[in-house]
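Take a look at the structure below.
In this text the structure is predicted, and so the values were computed from the model without any measurement. Labels below follow one simple rule: chain letters A, B, ... track the order of the sequence lines, proteins then strands, and each chain is numbered from 1.
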Amino acid sequence: MSKTTEPPLSPAHTRKRSPRDGRSVSSSEDLPEALRVEPLVAGDATLGKLDDDIRYLSEAKPPRSWYVSLVVTSLMALMGFTAIGYMVSTGIGTMGNDIPVVWGFLIINFVFWVGIGHAGTLISVILLLFRQKWRNAISRTAEAVTVFAFVCAMMFPAVHIGRPWMPHWLFPYPNERHLWINFRSPLIWDVLAVFTYFSVSVMFWYLGLIPDFATMRSRVKNKVKGAVFRILSLGWVGNARQWIHYEKAYLLLAGLTTTLALSVHSIVSTDFASSMVPGWHMTIFPPYFVVGAAFSGFAGVVLVFAFIRTPLNLKSYITERHMDLLNKTVLFLSCLMAYAYLMEGFTAWFSANTFVRYIFANYVFGDQWWAGTLTIFFNCILPQLLWVPRFRRSVPIMVLVSGGVTLGMWLERYTIIILSLHRDYLPSSWGVYLPTPIDFAILFGSVGIFLTLLLLFLRKMPIIAGWEVKSDIARYNPPPSQPVGGLEAEHA
Amino acid sequence: MPEALFGVLALFPSADALLKAIPEVKKRGFTNLEAYTPYAVHGIDEALDIPKSKLGVLVFILGSLGAVSMFLFEWWTSTVSYPLLTAGKAYNGWPAWVPPMLEATIFAGTFTAALGMLFVFNRLPFFGHPVLRSKAIDEITRDRFALMIRPDDGGLDAAAAIAALEAVGGGAIESVPERHFKKTGLAWWAKTVVQIGVACVVAGFGTAWLIRTFPTVRPMVEMENQPRLDAQEPDTFFASGRGMQLPPVGTVPRAFMPILAKNADQGGKDLVNPLPVTAPVLERGRQQFDIHCAVCHDRLGTGKAWLDSTYQAQPANLQSTTIRQATDGFLYWVISKGFATMPAYAADISPHDRWAIIRYVRALQRSQDAPARDVK
Amino acid sequence: MDRHSDRRNEFPPDAFEPVEPPSEAEPVSRRRFLTLAAASAALAATSACESPPADTIVPYTKKPTDVIPGVADYYASTYQEGQIPYGVLVKAREGRPIHIDGNDEHPFFNGKTSLRAQAEIIGLYNPDRLRQPVVEGRLATWKEAEARVTDALSKAAKGNESVLLLTPAVVSPTSRTVIAKLQKALPGLKHVAWEPALSLTDRAASRALYGHDRAPRYHLEKAKVVAALEADFLGTMENAVEAIAGFTRNRKPAKPSDAMSRLYCFESRMSVTGSKADVRVPMKPSGATHLAFAVARALHEEHGVPYPEGFAAEALDRFTLGGVSHRYGLDRATVASLVRDLAEARGDSLVLTGPSLPPEAHVAATLINTMLGAEGRTVETSFSADAPPLATPSEMAALTREVASGGYAAAIFWQTNPLYALPDAKAFREALARVPLSVSLVLSENETARACKVVLPVNHWLESWNDYEASTDLLSLQQPLIRPLYDTRQAEEILLAWAGALGAPVDGRVGGAAAGEADYRTYLMARWQREVYPAGTLATFEQFWTSAVHDGVLHREVKRRRSRRLDVHAVAEAAGKAGGKHEAVARAAEKSAYGGAPGAGVELLLEPDLRMWDGRYANIGWLQELPEPITKVSWGNYLSIAVDDAHERRLSDGDLVSVTVGTRSVTLPVLVQPGQATGTAFAALGHGREGSVSGGRGTNVFPLVADDGMPPFLHLEASLSRASGNQPLVRSQTEFSTHGRDIAPVWSLADYAKNAKPPKPDRSLPTLNPNVKWGDHKWGMAIDLSACLGCGGCQIACQSENNIPVVGPEQVARGRIMHWIRSDVYYAGPTDNPQVAHALMLCQQCDDAPCEPVCPVGATVHSKDGLNEQVYNRCVGVRYCSANCPYIVRRFNFFDYTSTITDPLDLAFNPEVTVRPRGVMEKCTFCVQRIRNGVQVAKDEDRPLRDGEIRPACAVACPAEAIVFGDLKDPNSRVSQLSRSNRGYKVLQDLGTRPAVTYMTELKNPPETPGKKRHV
């Protein structure tokens, strides 16, 4: 590539440091251990090294373990698709749904994945608004989690309907029946919200990727990949004017997407809250669902990083401090969940409504007491481990907790949806939900789809928002005054 | 001629170096400066006095437009285009329309922000940017910070620019040549539009042809052809292939007492007209008479309708004395069972209407030789 | 060319003057028509974006006068079951029956009929029906089959060998003549009539008492006090339809002061009757006889009701009220109040004894009725015909032995199935093997037919002509609704043909499939002209006959029969027998004295099943799937035992037990039934038939029927033993407690007096968008739960009217039963004798329907006349509506239940109702097709709609008249009045759904004695 003529650097320039940087770094060195700010970048990371590390991940031949897990996950996905195919061609009856439990695993999975899907937005958007620098390193992967989770989530409403070959009837489009949709139905709000959220997340994700594509376009060895990146980077040159608009857009998106992130699960919750099923008809549901979503989302992200940090040696960019902060958030949200549960219980008792009271008692003492009980254990009790600082940085513990939370949140949706439906107003029509193999095949299938996409992402795409982390690196270990022309070395 | 110069750029190792260099270069009288950085460097907008981005305004306008249009759409679909009554509530249930409006706002807003930034303000995608061809671009997107001196109104003295950049400690100084593209004129746009139009038309007709030629996939088919057996449908179960069966001989359904009289005279004895002589009855009679009878018997019952000239039929003259003297029962029997060439009408005219027709015929007869007192 | 000229060419000028239509009307309208036609054609062309669905139209070549395509016809006919000829009115479309209701001209049934009769539509179109004769197991022609039989018969006639003819009860006078004819031609013919579902103990009693079998007609509408001893007269007893209609007439008081009958029920199992009883006393069947005699005695001793003259009072000495109550653990006060009520009601009372009880019990009941003067008032025989002769189980056993001993040249089974329904079927099978020729006249192959050499397919009754003797003064006519679907003949015809072949003179052309249905009709008409047509009538016979066929019934002037005089010695003898000579009762007496120790035997009660009757309906899916009214078990039977017995024996629902009586034993699943008397068990007959529908469901308990004397359906010593395994019961309802929710209240009359007030108005809360105004009508329904018995008649009617699929046991077990209307059952109080509440539940057509706003595609919307409509075509099946329906009345097609239905079953579909495919939600629509139809008819005849003109299928079918439908906008309509009833309420009203269905609280009328606290 370009052979630059090496410019003579003025000694003044090399020696002098910017007072700001100087202070920031030295001051934190002078401070006592306790008060010292732990850097968000570990080791000898430099801007260039970051690029190379990111590029390395997407170019180097992945280890066998990656291939093995890819095979496994894609087989799971295949199983899922087969089950769905069978179900669609035979009927909803192949699953456990019945009267009165008309909504089953598919809706549970939908809500579950939508919840996971909140990780990306909340981390990369809300933390951005709060100027939390530690988000930079993890935002990209978190957004990927969001997008993939939504790929799974959006699959379910489409196939759970009785006539899955006409999901388009849920969208308002001019049709030969001259019929529109019913905007009073929370299900329609739901459809619109999820659709918006997905498209916006994808857009947001791509926007963040543009400068990184620009970085990689000319460096990747594979020419095809280079061409693809070149196109995807839209000819980004990193002009200061571009950056001004870019940052502005990023900020606006962040603002709007926050509203969205808060509204989406609220709206999903109205599917339940605005119905009159005891246990669903609760004003607390919207905030409660949002918290739940954030909770499962963060847990999901913790799980992902706990697994990829070491093998992909991201330690210097996703430091222990990152995990610590993530786990703190999980702990905080867990406490919020506990509050939400208590509040729900209180509302039920305070309502003095026979039906509602019965349902809530039924959650924990009823025929399927284990669902409610495990929910509370996994979501409220287990995470309390994280009060211990050591645990917040120990991989096994965080895997245990976050895994527990993920499971617990699924069980929560099981409790809400199935246990509320199966014993409502008229005891004469009480029933049970008996899941079938198809139910489980589809559930694990969706997990397979998610993991497959994630694995591909981890090895084919820039998994760290380079342009954002670079600013951190510049802050914590500013570029040493090595001659500019160190470049040939890398290109030779 | 020497190709025009896009600008002269130099690289700096850090953002601070760049930020320090900018005022220096400005001092040397270069006004049209540009910076290229691997990440958004703060404070650079003041340094290069780049105006604040107007993106926010655009987003606000289009966002609120999204909200408004969604409201109008909801209002139109639910109250004008196809109003559906749900839960017995009034059609105009606006409170339920808020969530979709919120979504619409956000959708419009975000996409305005993203696409507006890319396409409107940054004019991307644009793969012809001269800097993309420069040697420095790779370092710029990596870890170097470039300052470029662009020609201003007075053009650009390359040498001076290079000197200036050297002076402020920029490295890898490089002069980037301008690139020329011919403008896409009106003609080009016109051509494109026409091409698209043609493509659409072709596609449209193609699709139409496909749909008409090949059987279309109908997910709804199971409700279109019902397993139930409708009137006048064929049915393979019966040997005749007909769905409609003849009732077994001698069965008597409710409200269909058969006429047992063997002949018209017998019928004349047995049957009595149950209908009163009232305007509605006569009106009904007139209507039915004009439909079924007038075609042969003529609207006056003279039996000289325009048909008899066409076919050699001699319909009875209902004004004749025989008919006048015949009892209602007699006429009823004749209408029901047929007479000479006249076919039976029992299957086509309901008993009530048959009696009504007879009442009307009596009226016709009266109308034709009305005694003087009637006319007065 | 100007208008006038072309008008002139078109019409003769003179056509216009006198009766000139409004000038220019003609041509103008013609032009408008043409333009319209053109426009619509254009529209059609443009809108045909899809290849148009291929569709053929097959009209009538020559349209019959009495069929209008698309308009239903109604034919009066008759359906015989057991000894009862039900007058029915059959709805037909284009000469094809699709729905059955009661004959409204019939004085006994007044438009009501048995739910089994309604389900017979499926019997007609049952794909299993035989389509041609079978000889030696291979398909044959009528010719050879006939030849085969007639040869054998003529040989038998010559050799004077005996031939067995086994038939059901012959209630048709004309059929009797046919058999007589064959008898004449074939002297060796031994005709045996047999109804396996009838115990005939009552007959034995009446023969003993009166020396004849005259089946009385019970006038429950006249009865102020009814005592039922093990008598499920509202459920499984014959002719429950008439009983329900009569009984419920006194159960719907409009105000607390109105008269309401009181029903005492002493029974071992929880029956439909027991569930409606004001005082229900669980007791062992063995005690019933003693109780009845004790009551008779108490009436005499304590209330001075005279015995019939000549009766020796000391015959009853041993039956003291105290003794009996103590012996059978009855509450003294309850029995006393029964006696008092009977005494006070005098003639307006009725004591009924069940078919399972021994003849002595019937004798005792008859004695009481006679003493009180009920005989002739509530028990009326003045026109009842002599009951058709029938063979008891023991006589059947004798017959088996006789056949086994040989000497029978042939055995002919006319619509009977001994190899299934005989207690000792095995023996009969062996006996049959020794008969050279066995002939079976059946609709579809059954256990017996499979063992027969010649199987002749006969017409379904909907393809047949016949007459029946409902009573001496009432003949009921049967006319076919459709020509035979297959190459079948009417049984009577076949017999006539044989008689003809044997050289008997037979009037009317006989034999030959070609002649088809004309034959027996001619024969029938001939007989009527001879014997029924009264001489010197003004009407010609043809008119007489036609109007009889039209009405379906014929009243005859006959003189009432003398009232019966009972033979007091017979009573005394019976009393003596009951008092110790009769083995069974005696043993029961001792055993129950120390209250049968559990682990020892139980008293086993058998009764025909409410749906299967004697098993003949086994292949009718509608009836198999219909949940049993009390236990809600569908698809199969069970052995119901008492709760505490279940605890003792550690049995729970579904556990298999084998019941042993003497040498025979069957194994069937247990059902723990609240209210079942301790030490008793109950099992229903009629299940466990072979067949494509019933195959493998239920257990045949006919082997447990006693064929060694009376009573056949009751065993005092049956032993239960736990069998290995468990067979889950298929139930449509699994939770029977209201959990203290106020959804199915039950009031005593006292409560009624206390809280009688019109239903509280629906609260209208402040809202951002108000309700709309209704159109011309506002449809509503009122359901009187005091009358509703949960019998299921409405469910069958609804299934037939609305094309509701049968989903099968697996799906029902998964909670996917499709019934649009269901009757819920709730128990309250002690498990040994709970109070039962029935709650009929169907779509409430809520004004603020929760299902509507949540449907994303507008598939369920509200109509201007207040209906909650379901647009199947729009539904994509998100099932949100069902989740949000507090009444859980919506049903979902989890699989493709309908389009797999095979010819000819699809002919039973109602063409006025869409058949729903997979993935679509469905529910009750108040029979919207009938509503629209009714409104249209009224509009055509331009008159206002009459109240009660439109009635949903359920309302028409309900024998208790518990369902009233109508227009709530008309304040005087019956439904409006009932909706204002002072015991009206709405289910879950506080949810604010504003249901259009008003329920009337179920009432009980217990005596104000200490007995009360026990039962209410």
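Here the shortest heavy-atom pairing between A:Leu47 and B:Phe145 reads CD2-CZ, 4.3 Å. Heavy-atom minimum distance, A:His178 versus B:Tyr82: O-CD1, 2.5 Å. Contact record, A:Gly235 with B:Leu124: O-CD2, 3.8 Å, taken as the closest heavy-atom pair. Taking every heavy atom of both residues into account, A:Ala249 and B:Ala113 meet most closely at CB-O, 3.9 Å. For the pair A:Ala240 and B:Ile50, the tightest heavy-atom approach, listed with the atom from each and the gap, is CB-CD1, 3.8 Å. The two atoms that bring B:Met223 and A:Arg163 nearest to each other are CE-NH2, 3.7 Å, heavy atoms only.
Ranked by heavy-atom pairs under 4.5 Å with chain A, the list B:Pro38, B:Ala40, B:Gly116 is led by B:Ala40. Note: B:Thr86 leads B:Thr112, B:Leu165, B:Thr86 in heavy-atom pairs under 4.5 Å with chain A. Between chain A and the options B:His129, B:Lys52, B:Glu74, heavy-atom pairs under 4.5 Å are most frequent for B:Glu74. For chain B, the option among A:Ser185, A:Gly255, A:Ser199, A:Pro211 with the highest count of heavy-atom pairs below 4.5 Å is A:Ser199. For chain B, the option among A:Lys470, A:Met203, A:Arg230 with the highest count of heavy-atom pairs below 4.5 Å is A:Lys470. Of the listed residues (B:Pro95, B:Ser81, B:Pro125, B:Gly128), the one with the most heavy-atom contacts under 4.5 Å to chain A is B:Pro125. Per-residue counts of heavy-atom pairs under 4.5 Å with chain A were compared for B:Gly63, B:Ala96, B:Ala146; the largest is that of B:Ala96. No other option in B:Ala104, B:Pro51, B:Ser53 has as many heavy-atom pairs under 4.5 Å with chain A as B:Ser53. Listed options A:Asn239, A:Ile244, A:Leu256 were ranked by heavy-atom pairs under 4.5 angstrom with chain B; first place goes to A:Asn239. Residue with the most contacts toward chain B among A:Thr196, A:Leu50, A:Val237: A:Val237 (heavy-atom pairs, distance under 4.5 Å).
Within 6.0 Å of CZ in B:Arg179 there are more than 12 heavy atoms belonging to other residues, nucleotides or ligands. Applying the 6.0 Å contact sphere to OH of A:Tyr56 captures no more than 12 heavy atoms from other residues, nucleotides or ligands. Within 6.0 Å of CH2 on B:Trp97 lie more than 12 heavy atoms contributed by other residues, nucleotides or ligands. Heavy-atom neighbours of B:Phe60 CZ from other residues, nucleotides or ligands within 6.0 Å: at or below the threshold of 12.
Taking 4.5 Å as the limit, some side-chain heavy atom of A:Trp236 sits within range of a side-chain heavy atom of B:Asn122. The closest side-chain heavy-atom distance from B:Phe111 to A:Val200 is below 4.5 Å. A:Arg217 is listed as a side-chain neighbour of B:Thr141, based on a closest heavy-atom distance under 4.5 Å. The shortest side-chain heavy-atom distance between A:Arg184 and B:Lys89 falls under the 4.5 Å cut-off.
With a 4.5 angstrom heavy-atom cutoff, B:Trp76 touches chain A only via side-chain atoms. For B:Leu55, the parts sitting under 4.5 Å from any heavy atom of chain A are the backbone and the side chain alike. A:Phe195 touches chain B through its side chain: at least one heavy atom from C-beta onward sits under 4.5 Å away, while N, CA, C and O do not. Looking at A:Leu179, both its backbone and its side chain come within 4.5 Å of chain B, counting heavy atoms on both sides. There is no contact between B:Met101 and chain A, counting heavy-atom distances below 4.5 Å. Only the backbone of B:Phe126 has a heavy atom closer than 4.5 Å to any heavy atom of chain A. With a threshold of 4.5 angstrom between heavy atoms, A:Ile181 does not approach chain B through any atom at all. For A:Glu247, the part sitting under 4.5 Å from any heavy atom of chain B is the side chain, from C-beta outward, and nothing else. For chain B, the nearby part of A:Asn182 is the side chain; its heavy atoms alone come within less than 4.5 Å. Neither the backbone nor the side chain of B:Leu58 comes within contact range of chain A, judged by heavy atoms closer than 4.5 Å.
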### Message
Show, in sequence, the C-alpha distance, side-chain angles and deciding distance for A:Trp189 and B:Glu103, and conclude whether the side chain to side chain contact (heavy atoms under 4.5 Å, CB included) test is met.
### Response
CA-CA 8 Å; A:Trp189 312 343; B:Glu103 298 308 324; over 6 Å; no

### Task
Show the numbers, then the answer: is there a side chain to side chain contact (heavy atoms under 4.5 Å, CB included) between A:Leu207 and B:Leu118?
CA-CA 9 Å; A:Leu207 220 55; B:Leu118 292 174; 3.9 Å; yes

### Task
For side chain to side chain contact (heavy atoms under 4.5 Å, CB included), just list the numbers for B:Asp143 and A:Asp51, CA-CA rounded to whole Å, side-chain angles, deciding distance to a tenth of an Å, and then say yes or no.
CA-CA 9 Å; B:Asp143 57 358; A:Asp51 278 352; 5.7 Å; no

### Query
Yes or no on side chain to side chain contact (heavy atoms under 4.5 Å, CB included) for B:Met70 and A:Leu192, after CA distance, side-chain angles and deciding distance?
CA-CA 12 Å; B:Met70 181 48 114; A:Leu192 295 177; 4.0 Å; yes

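Checked against a 6.0 Å centroid threshold, the rings of A:Trp243 and B:Tyr39 do not count as neighbours.
A salt bridge does not link A:Lys248 with B:Asp45: none of the charged nitrogens is closer than 4.0 Å to a carboxylate oxygen.
In this structure, A:Leu253 CG and B:Ile106 CD1 are separated by 11.5 Å, a value rounded to the nearest 0.5 Å. Rounding to the nearest 0.5 Å places OG1 of B:Thr110 at 10.5 Å from CG of A:Leu252. Taking OG of A:Ser233 as the reference point, atom CG of B:Leu132 lies at 7.5 Å (rounded to 0.5 Å).
No donor-acceptor distance shorter than 3.5 angstrom exists from the side chain of B:Arg142 to the backbone of A:Met216, with no hydrogens or angles considered. For B:Thr77 (side chain) and A:Trp180 (main-chain N/O), no donor-acceptor pair under 3.5 Å exists by modelled atom type.
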